Every structure is written in C-alpha cells, then in structure tokens.
S.K.: 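Structure provided below as structure tokens; questions to follow.
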There are 2 protein chains.
Amino acid sequence: MVSVSNQEDAILSRLRGEGYKITPQRRAIVRAILSSDEYVTPELLLIKARQAFPSLGRVTVYRTLDILSQLGLLCTLHPEGHHPGYTLGRLDHHHHVVCSGCGRVSDFSEHGLEELEKRLSRETGFKIEGHILEFLGLCPQCQETNNEK
Amino acid sequence: MVSVSNQEDAILSRLRGEGYKITPQRRAIVRAILSSDEYVTPELLLIKARQAFPSLGRVTVYRTLDILSQLGLLCTLHPEGHHPGYTLGRLDHHHHVVCSGCGRVSDFSEHGLEELEKRLSRETGFKIEGHILEFLGLCPQCQETNNEK
DNA sequence: TACTAACTGAAACCATTTTTCATTTACTAT
DNA sequence: ATAGTAAATGAAAAATGGTTTCAGTTAGTA
Ligand SMILES: [Mn+2]
Ligand SMILES: [Mn+2]
Ligand SMILES: [Zn+2]
Ligand SMILES: [Zn+2]
C-alpha cells in the first residue's frame with residue numbers, strides 16, 4: 001500500500017508541477033483509479049470517487065481524465081464491445097493483459113515488436129509512429145469461477 | 001478492380017448462404033466499404049453508400065455492420081482518439097497498419113506473438129484468448145503532403 | 001403470381017460525453 | 001492571516017453516437 005500512496009503523490013505533484021491545482025475532487029479521482037486493479041470506466045470512476053467526495057460532479061471526472069491523458073499518465077484499454085477503460089500506472093512504455101470477465105489488468109513490457117515494425121515500415125512504406133498491443137483473456141480468479149459452475 | 005468485385009460477390013454470397021436477403025441497401029453498403037482503402041466510420045459509410053442508394057437509412061448501416069461483424073467479415077480499427085473504424089478484408093487472422101493522417105489501412109500477417117503470449121500466460125496466470133495489435137503511422141502519401149508544407 | 005419472413009427507415013429513445021456559465025476555491029502575493 | 005485572481009467546479013442544457021420500436025415494404029420461394 002505504501003507504493004500506491006507513492007504513486008498517488010507522484011501523480012499529484014506532477015499535476016502541481018504542470019500548474020494544475022490540487023483539489024479534493026482530483027485527489028479522490030486519482031485515488032479511485034489507483035485503488036482498483038481493474039480498469040475503470042468514467043461512470044464507475046464517478047461512483048468510486050464519490051465514496052470519498054460525494055458531491056463530485058460527472059464533468060470533473062471527464063476533465064480529470066483528459067488532463068491525465070494529456071500528460072501521458074493514463075493507460076487506455078480497448079475492451080472488445082465495451083466502453084473504453086482506464087488505469088493509472090507506470091510511466092514507461094508497456095502493454096496490458098485484460099480480463100474479459102472482471103476487467104483486471106496486468107501490465108507487461110513489450111518485447112520483439114521492433115523487428116516486426118521495421119519489416120512493416122519497409123514493406124508498406126508507412127512511417128510508423130506507435131502501436132496498440134493488448135491481450136485479452138481470463139484472469140486466474142475468473143478461470144476458477146467459470147470452472148465451478 | 002476485378003478483385004474488388006470478386007470480394008463483393010464473395011461477401012454477398014456468404015450473406016445469401018447464411019439466409020440473409022440481398023437488398024440494394026446491403027449491396028451499396030458492402031460496396032462502399034470495399035471501394036475505399038481507408039477505414040470507414042458508420043457516419044462516413046452512410047454518406048458513401050447514399051451516393052449509390054440515397055434513401056438509405058442510418059439504422060440499416062448499423063444493422064449491416066452488425067451482421068458482417070458476427071460473420072467475422074469485418075475488421076475493426078481502434079484509431080487513437082477517434083471513433084472505431086471498419087474495413088472489409090481477408091478472412092484469415094491478420095492485423096493492420098493505420099494511417100493517422102488519412103485512415104488508409106494496410107494489413108499484415110502476424111508473426112512472433114506466440115512466444116510472447118506463452119510467456120504472459122505463464123507469468124500472469126491469465127488464460128489468453130485473443131489480442132489486439134495495431135500499428136499507427138503515416139502512409140507514403142501523407143508523408144509527402146506533410147513534407148511539402 | 002401470391003405468400004411470408006426478412007428487411008427497411010422514420011421516429012422515439014437511450015447512454016455517454018461536451019458545452020455553457022454562474023459560483024466557488026486553491027494558490028499567490030501581499 | 002488576507003485579499004486577489006486565475007483556475008476549477010457542478011448543474012443544466014445540448015450534442016453525439018448508437019439502439020429500439022413499429023408500421024409498411026420487399027426479396028426470395030413455391
Ligand atoms: Mn498500464
Ligand atoms: Mn483487415
Ligand atoms: Zn477476471
Ligand atoms: Zn495517409
């Protein structure tokens with residue numbers, strides 16, 4: 001838990017450094033994202049953050065997500081058929097394994113896409129600037145739950 | 001152009017085979033997706049298909065996309081910050097390089113994710129069922145346009 | 001040439017996100 | 001501590017993107 005709190009501080013001081021004010025609303029929102037190992041949608045985030053700050057407005061959630069996104073602090077997930085989800089995590093380049101059952105997210109550092117990227121660049125003529133890589137599956141807990149039925 | 005037409009026929013006869021009727025609306029929609037090497041959004045698709053069938057309704061576009069998607073004929077793109085886009089293409093498992101300038105899409109067959117998938121499965125305990133892999137960049141044409149300015 | 005299940009599109013509806021704006025607040029400089 | 005100010009907030013309204021409903025139409029068939 002000490003690491004979660006450190007992460008919270010790091011994010012808040014980054015916000016402060018960029019000239020944003022540290023409001024209790026923003027605290028509650030950041031804390032709510034960090035306190036879950038599942039990704040959150042804006043609506044879910046509103047509900048969670050309101051437990052700490054009940055009068056929180058929906059708009060502020062969207063605005064805070066925008067800011068975090070612009071600062072590159074937010075990980076965006078693309079769960080098939082669902083609305084986009086968000087997590088707050090590491091700052092280095094990484095990717096995600098997402099549980100289709102419960103939304104739990106596990107990160108990993110990428111390996112081996114560099115060769116593929118070079119090949120594609122050569123073969124298609126595209127100047128490649130980025131990529132999305134995401135695995136979808138069932139987390140250990142959800143595998144158990146499914147087997148029990 | 002003969003290949004585009006073959007593709008169109010293949011898709012339409014697949015629809016017929018599945019018990020769907022071949023209506024002029026569906027023809028226009030399928031043709032509109034195929035006639036572009038850029039991905040289309042539902043709105044764009046409506047506009048394009050209406051050139052061939054002006055009274056086409058927005059709902060029919062969504063319904064046809066649903067059908068094509070269920071049959072596994074539709075490729076879904078996740079362009080950063082934009083709405084999901086669609087193309088019609090190959091039936092085998094493949095991925096996309098998408099131009100962030102104009103939306104042009106180029107496919108490729110994947111190589112080398114199997115090892116990574118095994119590693120992740122082992123390290124995270126997830127039972128991996130699928131993945132998203134997409135490259136983003138500038139197509140040759142858009143690179144030129146950008147350089148000229 | 002019927003017949004009928006499938007299909008269509010207008011309209012109403014719904015969920016999500018954005019905009020607007022009057023009020024409040026976090027920070028800065030006294 | 002206090003006041004001043006730009007930034008932030010939230011209620012409400014509007015916009016956006018997508019879905020449902022339903023009465024009328026049509027593709028495929030027999
Ligand atoms: Mn992450
Ligand atoms: Mn494709
Ligand atoms: Zn799970
Ligand atoms: Zn391009």
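Chain naming here is simple, since letters A, B, ... match the order of the sequence lines and numbering starts at 1 in each. This is a predicted model, so every value here is computed, not measured.
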S.K.: To the nearest angstrom, how far is R16(B) atom CZ from dT29(D) atom P?
M.R.: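 The distance from CZ of R16(B) to P of dT29(D) comes to 9 Å, rounded to the nearest Å.
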S.K.: What nucleotide among dT16(C), dG18(D), dC7(C) has an atom nearest to a side-chain atom of H83(A)?
M.R.: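 The answer is dT16(C).
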S.K.: Look at the side chain of K21(A) and decide which nucleotide, out of dG18(D), dA7(D), dT26(D), has an atom nearest to it.
M.R.: dA7(D)
S.K.: What is the separation between atom CD on E18(A) and atom P on dA8(D), rounded to the nearest whole Å?
M.R.: 12 Å
S.K.: One pair to check against side-chain contact (heavy atoms from CB on, under 4.5 Å): E134(B) and V97(B). What are the steps and the verdict?
M.R.: CA-CA 6 Å; E134(B) 223 174 283; V97(B) 187; over 6 Å; no
S.K.: To the nearest Å, how far apart are D66(A) CG and dT16(C) P?
M.R.: 17 Å
S.K.: Identify which nucleotide among dA12(D), dA11(C), dA8(D) has an atom closest to any side-chain atom of V59(A), counting heavy atoms from C-beta outward.
M.R.: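 When the side chain of V59(A) is considered, dA12(D) is the closest of dA12(D), dA11(C), dA8(D).
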S.K.: What's P24(A) touching, base or sugar-phosphate or nothing? Going by heavy atoms closer than 4.0 Å.
M.R.: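 Contact class for P24(A): sugar-phosphate only.
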S.K.: How do R27(B) and L56(A) order along DNA chain D: which one's closest nucleotide is nearer the 5' end?
M.R.: L56(A)
S.K.: Consider the side chain of R63(B), meaning its heavy atoms from C-beta on, and name the nucleotide among dT21(D), dT19(D), dG28(D) that approaches it most closely.
M.R.: dT21(D)
S.K.: Between E115(A) and R119(A), does at least one N-O distance fall below 4.0 Å, as a salt bridge requires?
M.R.: no
S.K.: Atom CG of L12(A) and atom P of dA8(D): how far apart are they, to the nearest Å?
M.R.: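 Rounding to the nearest Å, CG of L12(A) and P of dA8(D) are 14 Å apart.
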S.K.: Quick check on dG17(D): is either OP1 or OP2 less than 4.0 Å from any side-chain nitrogen or oxygen of R58(B)?
M.R.: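 Answer no for this pair, as no side-chain N or O of R58(B) is under 4.0 Å from OP1 or OP2.
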S.K.: Using whole Å, report how far CG of L46(B) lies from C1' of dT16(D).
M.R.: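 Distance, rounded to whole Å: 15 Å.
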S.K.: Using a cut-off of less than 4.0 Å, is there contact between a side-chain N or O of S55(A) and OP1 or OP2 of dT9(D)?
M.R.: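 Answer is no, no contact under 4.0 Å.
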S.K.: Between P on dA15(C) and OH on Y62(A), what's the gap in Å once rounded to a whole number?
M.R.: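 Roughly 13 Å, once rounded to whole Å.
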S.K.: Can you check whether T60(B) has a side-chain N or O nearer than 4.0 Å to OP1 or OP2 of dG9(C)?
M.R.: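 So the side-chain polar atoms of T60(B) do come within 4.0 Å of the phosphate oxygens OP1 or OP2 of dG9(C), strictly under.
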S.K.: May I have the distance from H82(B) (atom NE2) to dT16(D) (atom P), rounded to whole angstrom?
M.R.: 16 Å
S.K.: Between dA6(C) atom P and Q25(B) atom CD, what is the distance in whole Å?
M.R.: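 Going from CD in Q25(B) over to P in dA6(C) covers 17 Å.
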S.K.: Do NZ/NE/NH1/NH2 and the carboxylate oxygens of E43(B) and R58(B) come within less than 4.0 Å?
M.R.: yes
S.K.: Side chain of I22(A): nearest nucleotide among dG17(D), dA10(C), dC27(C)?
M.R.: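 Out of dG17(D), dA10(C), dC27(C), the nucleotide with an atom closest to I22(A)'s side chain is dC27(C).
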S.K.: Between R90(A) and S109(A), is any side-chain donor less than 3.5 angstrom from a side-chain acceptor?
M.R.: yes
S.K.: So does E114(B) pair up with K118(B), basic N to acidic O under 4.0 Å?
M.R.: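 Result for this pair is no, no salt bridge flagged.
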